[in-house]
Number of protein chains: 2
Amino acid sequence: MTEPAEKISRKPRADAARNRQRLLDAAKQAFADKGPAASLEEIARVAGVGIGTLYRHFPTRDALVEQVYRSETTQLADAATRLGAEHPPVEALRAWLRLFVEYLAAKRIIGAALQTTAGGTTELYAASGAAMTQAIGGLIGRAVASGAIHVDIEPLELLRAIAGVANVSDENAMRLIDILIAGMLVR
Amino acid sequence: MTEPAEKISRKPRADAARNRQRLLDAAKQAFADKGPAASLEEIARVAGVGIGTLYRHFPTRDALVEQVYRSETTQLADAATRLGAEHPPVEALRAWLRLFVEYLAAKRIIGAALQTTAGGTTELYAASGAAMTQAIGGLIGRAVASGAIHVDIEPLELLRAIAGVANVSDENAMRLIDILIAGMLVR
DNA sequence: ACAAATACGGAGGCATCCTCCGTTTTCAAG
DNA sequence: CTTGAAAACGGAGGATGCCTCCGTATTTGT
């Protein structure tokens, strides 16, 4: 055995990797321009590959959305860690939620993804969801531990609430954040 | 003039009224079963009318959704008035929001409608939206006037926030209501 | 009963969606 | 460098849905 026992034989083909990346680039653009309902056939066209190739790489629309925004959600998760270190718990939470709204504004897909998940079971939970859950969960856990706030709702649901509003108006979403935090403060 | 001056001539045709009702019935069923994206062609098929007839009566999907749930939204609006008379302002608001969540659970479409509106301009605002706006607006106005709460967010946005969560979990939506109200209380 | 006013219905053009499979490309062993 | 099989490509094709348009059928007032 010249290869690690677990992994089997070949290394990924070059053209496959290239096309995958092209698809992700085209998809990112398309989702940004036309929202999460952008045509998959057009994405394939723009990427210069056949529709079949798109489907081979990303079996479902959600799989594609997920991958496209993996980097965004990762950034958001990292920011949570950073903010947690730089600010007192409650302010860190507030700052991160505001950042979340800003991200939603730029990449409407994240919000759509959170909502989409509503309907049925989606792989979306897999990565984006996990990252988000961890980020908000950490910040809230910290704030609760500090004794400043009290929370009896699933952290992820707070994001859903904010996302619902942010899709329509950033301004109102920002105000919602303050209301939510005020509502969780221990009196 | 034997008719009111404004209205012109004829009375609505019998077949038109019948088909309209059939469409509403079929649509109600379809939306309940398959969500707000149910096929319009299938609705027409089930109703036993041509697709053309469906479109004549309801030019857009939203127009149909709107009509289907007009009774629900109307009931909700009436409830707002009633609760407003029976409870102190803040409790009336809380009670109505809980009722709102219960309605969402039963008819997921209302929530979907609120979200749909997000994307673009929709006739949905016309009736359902107006009724909702008025209901929540009234309750909040009253609570603010009583000096108990302070609100700097669009009332309708509160509903969007709640709807975003309610689509996934009633329990969490109910808790969200308490957080929101606590967050708006004047301290 | 009759004509005008209304309403019906579905064919047709267009846009996706997703699958399936014959062809092409890549990789690595010899 | 050859070579053959694994891996990937790509797009035609079948299905569904949207919406419009207009010739045909029904209803209504007189």
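Any value given below was found using the heavy atoms of this structure, including those in side chains, with hydrogens, waters and symmetry copies removed. Below, read A as the first sequence line, B as the second, and so on, with proteins coming before strands; counting in each chain starts at 1. The model shown is predicted, which means the values in this text are computed figures rather than measured ones.
Of the possible donor and acceptor atoms, none in the side chain of A:Arg142 sits under 3.5 Å from a partner among the backbone N and O of A:Pro89. A donor-acceptor pair under 3.5 Å links the side-chain atoms of B:Arg61 to the main chain of B:Ala37, judged by distance alone.
Residues B:Ile51 and A:Glu41 both approach DNA chain C. Their nearest nucleotides, taken by heavy-atom distance, put B:Ile51 toward the 5′ side. Annotation: of the two residues near DNA chain D, B:Pro12 and B:Ala38, the 5′-most nearest-nucleotide partner is B:Ala38.
If you check every strand for non-hydrogen atoms under 4.0 Å, A:Arg61 touches sugar and phosphate atoms only. If you check every strand for non-hydrogen atoms under 4.0 Å, A:Thr53 touches a base.
Regarding A:Arg20, its CZ atom lies at a distance of 15 Å from the C1' atom of D:dA7, rounded to whole Å. Computed from coordinates, the A:Leu54 CG to D:dA8 C1' distance equals 14 Å when rounded to whole Å. Going from atom CD of A:Glu42 over to atom C1' of C:dC17 covers 15 Å, rounded to whole Å. As a whole-Å value, the separation of A:Phe58 CZ from C:dC18 C1' is 16 Å. Between the C1' atom of D:dG17 and the NZ atom of B:Lys34 lies a distance of 12 Å, rounded to the nearest Å. Taking atom NZ of residue B:Lys11 and atom P of nucleotide C:dA5, one finds them 18 Å apart after rounding to whole Å. Going from atom CZ of A:Arg22 over to atom C1' of D:dA8 covers 14 Å, rounded to whole Å. Between B:Leu40 atom CG and D:dC18 atom P the separation is 4 Å, expressed in whole Å.
Considering only the side chain of B:Arg45, D:dG17 comes nearest among D:dC18, D:dA8, D:dG17. Distance from the side chain of B:Asn19 is smallest for C:dC8 among the nucleotides C:dA5, C:dT19, C:dC8. Considering only the side chain of A:Asp15, D:dA8 comes nearest among C:dA7, D:dA8, C:dG9.
Residue A:His57 places no side-chain N or O under 4.0 Å from the OP1 or OP2 atom of D:dA8. One finds no side-chain N or O of B:Arg13 lying less than 4.0 angstrom from the OP1 or OP2 phosphate oxygen of C:dA5. Distances shown here put every side-chain N or O of A:Ser39 at or beyond 4.0 Å from the OP1 or OP2 atom of C:dA15.
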(message) Determine whether A:Lys34 and A:Glu42 satisfy the following criterion, salt bridge (charged side-chain N to carboxylate O under 4.0 Å, His left out), listing intermediate values before the conclusion.
(response) CA-CA 11 Å; A:Lys34 313 193 175 179; A:Glu42 169 145 350; 3.5 Å; yes

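Scanning atom types as modelled, one donor and one acceptor separated by under 3.5 angstrom connect the side chain of A:Arg56 and the base of D:dG10.
When the ring-ring contact (aromatic ring centres under 6.0 Å, His included) test is applied to A:Tyr69, no partner is found at least two apart in sequence or on another chain.
In this structure, a donor-acceptor pair under 3.5 Å is present between the side chains of B:Asp25 and B:Gln21.
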